[in-house]
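Computation of the quantities below employed the complete heavy-atom set of this structure, encompassing side-chain atoms and omitting hydrogens, waters and symmetry-equivalent molecules.
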Amino acid sequence: MILTLVGTLILSKITGISLLEVRDLNKWNANDPRMIYFIRGLLLIQFLGLFLIPSLLFAYFSDPKPFNYLGLKYPKKHIYWLLGIVVMFISIPLVEYIGVLNQKINFGTDTQKWMKGMEEEAAKQIQFMLAKHTPGELITNLIFISVFAGVGEELFFRGVLQRIFIRVFRNPWMGIVLTAAIFSAFHFQFFGFFPRLALGIVLGAIYWYSGSLWTAILAHFIYDAFIIVLIYLNPSLIKNPEQSLMNPNTLLPVAIASLGLTIFMLWLMKKNSLTSYEEVYKDDKPTELDKLSF
C-alpha cells in the first residue's frame with residue numbers, strides 16, 4: 001500500500017498526469033505517451049508492491065529457505081515443463097465454454113448493471129493496453145502483462161496462499177480450489193469468475209503435482225502470451241470482449257472433449273508425481289509458542 005501510494009505520486013509528478021485523469025477512463029488517450037507510461041508504471045508498482053515484494057518477504061520470515069518455501073525449484077521430472085503447457089492449452093475450449101455460461105448468469109437488474117459496468121471498465125483498460133499494433137508494443141505488453149502476471153500472481157497465490165491453505169486443511173485439493181477462488185475473485189471481473197476459477201485450479205494442480213512453481217509460472221505466462229498474440233493478430237477480439245475465441249456452433253462438443261482431456265492430463269500428472277503432503281511440509285514444526293506458524 002505504501003509503495004503504491006508513493007509510486008503513484010511519483011508517476012504523477014514525472015508524467016504530469018493527475019490522479020483525477022487516471023480515475024476517468026474516458027480521458028485515457030492511447031496516443032498520449034505520458035498516459036501509457038503512467039499505466040505501465042502502475043502495472044510495475046502493482047507487480048512489485050502487491051505480489052513480488054510481499055511474497056518474498058513473507059517467505060523470508062517464514063522459512064530458513066525462502067525460495068524453497070515458495071516452490072522456486074526445478075521439478076523433479078523434466079516432463080512437467082511440457083505437461084504444464086499442454087494441459088493449459090488443452091483446457092482452453094473448456095474455459096471458453098465456462099465463460100459463455102458465466103455470461104448468462106443473471107444476478108438481478110441492479111447487481112447486473114453494476115457488474116456490467118465493472119466489466120466494461122476492465123475491458124477499456126485492456127483495450128487501452130493493446131490498442132497499438134506494432135512489434136515493439138507487442139513485446140512490451142508481453143513483459144508488462146504476461147511476465148508480470150505469470151511471475152507475480154503465481155508467487156502470491158500459488159507460492160504463498162496455496163501453500164498456506166493446503167497446510168491448514170491438510171488437503172491439497174481444498175487448498176488448490178480455495179486459492180483458485182480467491183485468485184479469480186481478486187480480478188473483480190464477475191462475468192469471468194468461473195473460467196478464471198478453472199484456470200486457477202489447473203495452475204494449482206500443475207504446481208502441486210510438479211513440485212515446482214516455475215512450471216506454473218511458465219504455463220501462466222504462455223497462456224497469457226497466447227491470448228495477447230491472438231488479439232494482436234486479430235484486433236477485432238479486443239473490440240468485442242464477449243466474443244468467443246472459438247466457433248460457438250462447435251464449442252460445446254469441443255469443450256466436452258477438452259474436459260475429458262484435461263482430467264486425463266491431470267490424472268497423468270498425478271500418476272507421475274513425486275509430491276506428497278508429508279514431503280512438502282516435513283520441515284513445518286509449529287511449537288506451542290508459535291500458534292500462527294504456517
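Residues Ile85 and Leu218 are in side-chain contact: their nearest non-hydrogen atoms beyond the backbone lie under 4.5 Å apart. Counting heavy atoms from C-beta on, the side chains of Leu94 and Val254 never come closer than 4.5 Å. Under the 4.5 Å side-chain criterion, counting only non-hydrogen atoms from C-beta, Ile176 is not in contact with Tyr207. Using a 4.5 Å cut-off on side-chain heavy atoms (C-beta onward), Leu56 and Leu52 make contact. Taking the side chain as every heavy atom from C-beta outward, Trp208 and Val280 approach each other to under 4.5 Å. For the pair Pro135/Tyr232, a side-chain contact is recorded, criterion being any heavy-atom separation below 4.5 Å from C-beta on. For the pair Asp224/Val147, no side-chain contact is recorded, criterion being any heavy-atom separation below 4.5 Å from C-beta on. Taking 4.5 Å as the limit, some side-chain heavy atom of Phe38 sits within range of a side-chain heavy atom of Leu11.
Interatomic distance, Leu57 CG to Ser62 OG, rounded to the nearest 0.5 Å: 10.0 Å. Between Ile263 atom CD1 and Ile90 atom CD1 the span is 12.0 Å, to the nearest 0.5 Å. How far CZ of Phe169 is from CE of Met174: 4.5 Å, rounded to the nearest 0.5 Å. Taking CH2 of Trp214 as the start and CG of Leu70 as the end, the distance is 10.0 Å to the nearest 0.5 Å. Taking CE of Met88 as the start and CZ of Phe221 as the end, the distance is 12.5 Å to the nearest 0.5 Å. For the atom pair OG1 (Thr4) and CG (Leu9), the distance works out to 10.5 Å, reported to the nearest 0.5 Å.
The side chain to side chain donor-acceptor pair (under 3.5 Å) contacts involving residues 194-203 comprise Gln189-Arg196, where partners must be two or more places apart or lie in separate chains. Legend: ring-ring contact (aromatic ring centres under 6.0 Å, His included) pairs involving residues 77-105, not counting sequence neighbours, sorted by first then second residue: Phe89-Phe226. Annotation: side chain to side chain donor-acceptor pair (under 3.5 Å) contacts involving residues 255-272, sequence neighbours excluded, are absent. The stretch residues 153-162 participates, sequence neighbours left out, in these side chain to side chain donor-acceptor pair (under 3.5 Å) pairs: Glu153-His187, Glu154-Arg158, Glu154-His220.
Considering all non-hydrogen atoms of both residues, Gly192 and Ser184 come closest at O-OG, 4.1 Å. Here the closest heavy-atom approach between residue Ser273 and residue Thr275 is recorded as OG-N, 3.0 Å. Taking every heavy atom of both residues into account, Gly84 and Ala219 meet most closely at O-CB, 3.7 Å. Between Pro54 and Gly49, the shortest heavy-atom contact is CG-O, 3.1 Å. Taking both residues in full, the closest heavy atoms of Gly159 and Leu213 are given as N-CD1, 3.9 Å, listed atom of the first, atom of the second, then distance. The nearest pair of heavy atoms linking Val95 to Ala198 is CG2-CB, 4.4 Å.
In this structure Thr179 satisfies the side-chain hydrogen bond (donor to acceptor under 3.5 Å, both in side chains) test with no other residue, sequence neighbours excluded. Tyr277 is linked by a side-chain hydrogen bond (donor to acceptor under 3.5 Å, both in side chains) to Arg170, counting only residues two or more places apart in sequence or in another chain. Annotation: side chain to side chain contact (heavy atoms under 4.5 Å, CB included) contacts of Ile79 (sequence neighbours excluded): Lys77, Leu82, Leu83. Residues forming a side chain to side chain contact (heavy atoms under 4.5 Å, CB included) with Phe186 (at least two apart in sequence, or on another chain): Leu50, Phe51, Phe157. By the side-chain hydrogen bond (donor to acceptor under 3.5 Å, both in side chains) test, Lys65 is found to be paired with no residue, residues two or more places apart in sequence or in another chain being considered. Residues meeting the side chain to side chain contact (heavy atoms under 4.5 Å, CB included) test with Ile145, sequence neighbours left out: Met129, Leu130, Asn141, Ile228. Taking Asn102 as the reference, Ile105, Phe193, Phe194, Pro195 meet the side chain to side chain contact (heavy atoms under 4.5 Å, CB included) condition, with sequence neighbours excluded.
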key: Pair Ile182-Leu161, side chain to side chain contact (heavy atoms under 4.5 Å, CB included): steps then yes or no   = CA-CA 9 Å; Ile182 296 174; Leu161 288 189; 4.3 Å; yes

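Taken together through direct or relayed side-chain contacts under 4.5 Å among Ile, Leu, Val, Met, Phe, Trp and Tyr, Met35 and Tyr37 form parts of separate hydrophobic clusters. In the hydrophobic clustering of this structure, Phe67 groups with Tyr281; members are Ile, Leu, Val, Met, Phe, Trp, Tyr whose side-chain heavy atoms approach within less than 4.5 Å, directly or through other members. Note: the hydrophobic cluster containing Phe58 does not contain Met1 (ILVMFWY, side chain heavy atoms under 4.5 Å, direct or indirect links). Linking ILVMFWY side-chain heavy atoms closer than 4.5 Å, directly or via other members, places Val202 and Phe264 in a single hydrophobic cluster. Taken together through direct or relayed side-chain contacts under 4.5 Å among Ile, Leu, Val, Met, Phe, Trp and Tyr, Phe148 and Ile53 form part of one hydrophobic cluster.
No donor-acceptor pair closer than 3.5 Å links the side chain of Ser146 to the backbone N or O of Ile143. Put simply, the side chain of Ser210 never gets that close to the backbone of Thr215: no donor and acceptor are under 3.5 Å apart.
When hydrophobic side chains of Ile, Leu, Val, Met, Phe, Trp and Tyr are connected at separations under 4.5 Å, Ile14 ends up clustered with Ile2, Val6, Ile10.
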